[in-house]
There are 2 protein chains.
Amino acid sequence: MAKGLSEREKLILSAVIATYINGAEPVGSRTISKLKSVNVSPATIRNVMSDLEEMGYLSQPHVSAGRVPTPQGLRFYVESILEVRELDERAKASIRAGFQGRQELEVREVLKTTGRLLSAASQQAAVVSSPNPEQEVFRRMEFVLLRPGLILVVLVAKSGGVQNRIIEAEAELGQEDLDKFTRYLNELLADLTLNEVRERLEREMAREKVRFDRVLGRALRLGQQALPWGESGDVFVEGRTNLLGAPEFSDMARLKAIFEAFEERSTLLRLLERSLSAPGVQILMGVEAEVAGLAGLTAVTASYGGDDQPAGALGVIGPARMDYSKIIPIVDYTARLVSQILGARD
Amino acid sequence: MAKGLSEREKLILSAVIATYINGAEPVGSRTISKLKSVNVSPATIRNVMSDLEEMGYLSQPHVSAGRVPTPQGLRFYVESILEVRELDERAKASIRAGFQGRQELEVREVLKTTGRLLSAASQQAAVVSSPNPEQEVFRRMEFVLLRPGLILVVLVAKSGGVQNRIIEAEAELGQEDLDKFTRYLNELLADLTLNEVRERLEREMAREKVRFDRVLGRALRLGQQALPWGESGDVFVEGRTNLLGAPEFSDMARLKAIFEAFEERSTLLRLLERSLSAPGVQILMGVEAEVAGLAGLTAVTASYGGDDQPAGALGVIGPARMDYSKIIPIVDYTARLVSQILGARD
DNA sequence: CTCTGGCACTCATTGTTTGCAAGTGCTGAC
DNA sequence: GTCAGCACTTGCAAACAATGAGTGCCAGAG
């Protein structure tokens, strides 16, 4: 990317962006010249700004307004100029504190808490996806008879994640049968990933068919019914109200579109999945290409879980105009923390 | 309540309210006089309106604007004039259809679906509270060892409701011990309500102390830890975006207050709890007294579960200006439907 | 006694004009 | 290359008039 910016140009681009970030208004040359880090006259700044505009990093809403960074300008700023400092200890402590006493919670609760902390720390909306069920390691499966023909299955992963579902079955099965099934399946499937569980069930069913063992066959069939087949994971969204303050969302129609986009779990999920492939913090600017309603917003995301095999992802969504130098380390730190908390369970 | 309204006054009050409901704007005498159900001149209507204003049922935003119903006017209308017709079969069918194939879902899923259907049918925000855990009937309890000292407890109610939590325990407990506990407790607690479970556990603990049986004592202690102590139920909120369309929420600050109020589960819960005591549909107008952020909104709620012993409540929250003749039967029908679906499991 | 047409009056709203402030681009001097 | 100065553009706010919706009241008809 065009490293061809002079130090002065970088300085002024940063200044414009920084000022824009906490003002949400076009910034003019005079404003910049008054900053103490800048020691040139407004006229000079105008010249530089004009150059930057030609390069596509700034733009003017109208002729006699100040400049506003373009998405491209922001991207360049984030990638080439911004230096991400470590999160200061106080902020870290405050995030950690939010998890205090929560280590013993169920995975879903941990992720919800994560969302809350993330949105509180960033003052933006936060999204957290639940771990990919395919990678979970089987811990235990339990059948509970609710009434004849209706069975509650509880599937526990090693991470502490729990999935419940209710399935139908032959009416004559009693709780004792189910207990037998439970013991059999738990033995058979111990310590496999869900993918392996699936395979193992298939294999065993083929085998049982040969041996013609009715009881075990039934158990295996129930086991199969209980698995989450191609079910996509959950997404937790927290802190949407943080977006309501921002002046760029004073337009009702737009706001509505944004909130509706947040209801669409599947698109959010796809958005988060993008950051599973790469390590570290990812920044998606102007999410417009992907998600209709989120046009003009920016997502800062990171994956959690193992670096090699990430389980899920989390992130922050807000106006393109957000304080990246603060938010990037927040997302980064939170992702590490979540990895650590969930990781401690394996 | 002042039944002292003449037929004509009632007619005009209804007309004003009906017009206001789908216009959101002050309505004037001429507008009313043009309705075909009204056969008097604007001047007469003005006189009547003036009387109604004196009685506190209408008010004028400013001298030369039309009239707007006051909360008192709306209340009178709903209580004394409005006749709630049965929901038409098509609307019923459409709600029922939403539950199709969902009967087998876990309680939480049923309630979430309920919220979605309710908000879709009413075009307002919907709230649904989960059944009061105290009244649930114990079905089964299961301990799963996640790692030494950390135990996942799965508590299944007869209704199919599941509660998971993770508790700490002595590190030396193995899964076999836990299985023993499970069998013992499930036997001991079968078919009790959670309240009774609590008592039973206390009693048994006192007894075991005398008998000094370490193992069973431990089991009982674990059982106690697993119970939801004074945990308030969940509230599901759906369809908040429906509120974004309404013109009365174009004010940003107000909107923010409203959305923040929706985040406050406990206040919503308190709101819903009010309708547990009375049967049928309840209407809370201008929820302001109770919940700060929801000022000027109206809640239409009903309880579900048994009539004598309601389990939870659900409702719709929207601007005071909502189509009560449509919404009341929707809430009513949905509540019955949910009662039926969840009831079928006992 | 009730209803209604007519009329004067009140105000929010809308459109227009005008002045102001912010900001730019350009030019010419250092 | 830097910068002061100046002419020019444009959004925005204030001021003002015109518009129109709606009311209250009065006097006359039924």
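Chain A is the first sequence line, chain B the second, and so forth, proteins listed ahead of strands; every chain is numbered from 1. Below, each value reflects all heavy atoms present in this structure, side chains not excepted, and no hydrogens, waters or symmetry copies.
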Length of the line joining [X]:[atom1] and [N]:[atom2], which is rounded to integer Å:
{"X": "A/Glu25", "N": "C/dA21", "atom1": "CD", "atom2": "C1'", "answer": "14 Å"}
{"X": "A/Glu54", "N": "C/dT24", "atom1": "CD", "atom2": "P", "answer": "16 Å"}
{"X": "B/Ile32", "N": "D/dG22", "atom1": "CD1", "atom2": "P", "answer": "10 Å"}
{"X": "B/Leu52", "N": "D/dG24", "atom1": "CG", "atom2": "C1'", "answer": "16 Å"}
{"X": "B/Glu9", "N": "C/dT2", "atom1": "CD", "atom2": "P", "answer": "12 Å"}
{"X": "A/Glu53", "N": "C/dG23", "atom1": "CD", "atom2": "P", "answer": "15 Å"}
{"X": "A/Gln60", "N": "D/dC8", "atom1": "CD", "atom2": "C1'", "answer": "13 Å"}
{"X": "A/Arg30", "N": "C/dG25", "atom1": "CZ", "atom2": "P", "answer": "16 Å"}

Smallest separation among heavy atoms of B/Arg240 and B/Ala125, with atom names: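 Of all heavy-atom pairs spanning B/Arg240 and B/Ala125, the closest is CA-CB, 4.1 Å.
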Check A/Pro61 against A/Gly66 and note the closest heavy-atom contact, atom names and distance.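 Smallest heavy-atom distance, with atoms named: CD-O, 3.4 Å.
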Can you find a side-chain donor-acceptor pair between B/Thr70 and B/Gln72 that sits under 3.5 Å?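 Absent: no donor and acceptor within the cut-off.
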What I want to check is whether the side chains of A/Thr334 and A/Asp332 have a donor and an acceptor closer together than 3.5 Å.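 No, A/Asp332 and A/Thr334 have no side-chain donor paired with an acceptor closer than 3.5 Å.
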Closest to side chain of [X], choosing from [options]:
{"X": "B/Ala43", "options": "C/dG25, C/dG6, C/dG23", "answer": "C/dG6"}
{"X": "B/Arg46", "options": "C/dG23, C/dC7, C/dC11", "answer": "C/dC7"}
{"X": "A/Val63", "options": "C/dT24, C/dC3, D/dT10", "answer": "D/dT10"}
{"X": "B/Ser50", "options": "C/dT4, D/dG24, C/dG25", "answer": "D/dG24"}
{"X": "B/Arg67", "options": "C/dG25, D/dT9, D/dG24", "answer": "D/dG24"}
{"X": "A/Arg8", "options": "C/dC3, D/dG11, D/dG1", "answer": "D/dG1"}
{"X": "A/His62", "options": "C/dG23, D/dG24, D/dG11", "answer": "D/dG11"}

With nearest nucleotides of DNA chain D determined for A/Asn39 and B/Asn47 from heavy-atom distances, which residue corresponds to the more 5′ nucleotide?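 The answer here is A/Asn39.
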Quickly, which of A/Tyr20, A/Tyr77, A/Phe76 forms a ring-ring contact (aromatic ring centres under 6.0 Å, His included) with A/Tyr57? Name it, please.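 Of all the options given, the one that passes is A/Phe76.
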Ignoring hydrogens and angles, does a donor from either the side chain of A/Ser64 or the base of D/dT9 sit under 3.5 Å from an acceptor on the other?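 Between D/dT9 and A/Ser64, which were checked side chain against base, a qualifying N/O pair under 3.5 Å is present.
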